[in-house]
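Scroll down for the structure; my scribbles are underneath it.
Only a predicted model underlies this, so the values are computations on that prediction, with no experimental measurement involved. For the single chain, residues carry numbers from 1 onward in sequence order. Any value given below was found using the heavy atoms of this structure, including those in side chains, with hydrogens, waters and symmetry copies removed.
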Amino acid sequence: MNILHIDCSSRPESHSRRLSAAIVKKLLEVAPGASISRRDFASAPLPHASPDYETALSSPATLAAPPRGALELSEVLIQEVEAADVIVIGTPMNNLTVPSVLKAWIDQILRAGRTFMSTPSGKVGMFRDRPVFIGIASGGVFTGDRANQPDFLTPYLSVVLGSIGLKTLQFLSVQATAFLDRDQATLARDKALATTDFMVMGEGHLYD
């Protein structure tokens with residue numbers, strides 16, 4: 001089993017990094033022999049879409065004959081997802097949604113004819129489904145009775161990942177991080193982990 005572990009925060013000791021690391025630790029308790037593939041968008045940020053990449057995606061004709069090298073990074077990132085049995089994403093909520101480094105990854109893995117098909121009724125995903133655990137850290141509160149800000153992150157990721165076939169998503173969050181001390185943050189992280197189903201094992205792989 002292979003776990004693709006992605007972190008997005010630029011802070012080495014961020015709440016989202018601690019949460020994603022805790023998710024991976026739980027998964028390793030379920031599957032001790034799992035391998036881990038790593039993407040850290042702080043230490044190795046992805047470039048935003050280049051002119052050649054955007055040109056390649058601009059029409060069916062240019063997709064069929066793209067500029068030389070235009071799709072190389074996209075293909076590497078797509079193959080990493082294909083090789084993963086489970087994906088773990090740790091991300092802050094930046095200005096109510098995903099940070100730009102995560103959006104850069106999304107823009108590279110959503111590719112017509114490769115990860116989704118366009119149909120009259122919308123996009124149809126070409127990836128096989130697999131569990132995706134998304135650990136979110138937010139300075140404010142976006143769920144429950146105390147919510148004081150909207151949430152554009154979880155619905156966006158649900159739709160965009162679902163459009164390529166990744167539909168088995170579990171969202172974990174540590175909220176109001178601006179007001180938590182270390183002990184409170186640990187309790188919030190443990191509470192999020194306690195409500196998550198990590199027992200998605202079957203025949204040596206993780207499934208829904």
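Counting only distance, with no hydrogens or angles, the side chain of T62 and the backbone of A56 share a donor-acceptor pair below 3.5 Å. The backbone N or O of A192 lies less than 3.5 Å from a partner atom in the side chain of T196, making a donor-acceptor pair. With Q79 contributing its side chain and V76 its backbone, the two residues share no donor-acceptor pair below 3.5 Å. Judged by distance alone, with hydrogens and angles left aside, the side-chain atoms of Q108 form no donor-acceptor pair with the main-chain N or O of A49 at under 3.5 Å. Put simply, the side chain of S138 never gets that close to the backbone of V141: no donor and acceptor are under 3.5 Å apart. Although no hydrogens or angles enter the test, the distance criterion places no donor-acceptor pair under 3.5 Å between the side chain of Q175 and the main chain of G139. In terms of modelled atom types and a separation under 3.5 Å, the side chain of D129 and the main chain of K167 share a donor-acceptor contact. A donor-acceptor pair under 3.5 Å links the side-chain atoms of S9 to the main chain of R11, judged by distance alone.
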Checklist entry - Would D7 and S16 satisfy side chain to side chain donor-acceptor pair (under 3.5 Å), going step by step from the backbone distance to the final call? => result CA-CA 8 Å; D7 271 318; S16 65; 5.2 Å; no

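Annotation: F116 is not in aromatic contact with F127 [ring centroid separation under 6.0 Å not met].
Looking at L96 and F142, their side chains never come closer than 4.5 Å, going by heavy atoms from C-beta outward.
With hydrogens and angles left out, the side-chain atoms of S20 and H5 include a donor and acceptor closer than 3.5 Å. Looking only at atom types and distance, the side chain of S58 has no donor-acceptor partner in the side chain of T55 under 3.5 Å away.
Taken from CD1 in I106 to CG in L46, the straight-line distance is 11.0 Å, to the nearest 0.5 Å. The distance from atom CZ of R182 to atom CG of L180, rounded to the nearest 0.5 Å, is 12.0 Å. If you take CG on L28 and CD1 on I3, they are separated by 4.5 Å, rounding to the nearest 0.5 Å.
Sparse packing is recorded around CD of E13, with 12 or fewer heavy atoms of other residues, nucleotides or ligands lying under 6.0 Å away. Other residues, nucleotides and ligands place no more than 12 heavy atoms under 6.0 Å from the CG atom of N95.
Among the candidates N94, T91, V98, the single residue satisfying the side chain to side chain contact (heavy atoms under 4.5 Å, CB included) test with C8 is T91.
Nearest approach of L166 to R128, heavy atoms of both residues: CD2-O, 3.8 Å.
Every side-chain hydrogen bond (donor to acceptor under 3.5 Å, both in side chains) that T154 has, sequence neighbours left out, goes to D151.
Applying the salt bridge (charged side-chain N to carboxylate O under 4.0 Å, His left out) test to pairs two or more places apart or on separate chains, those with a residue in residues 60-83 are R39-E80, E75-R111, E75-R114, E82-R114.
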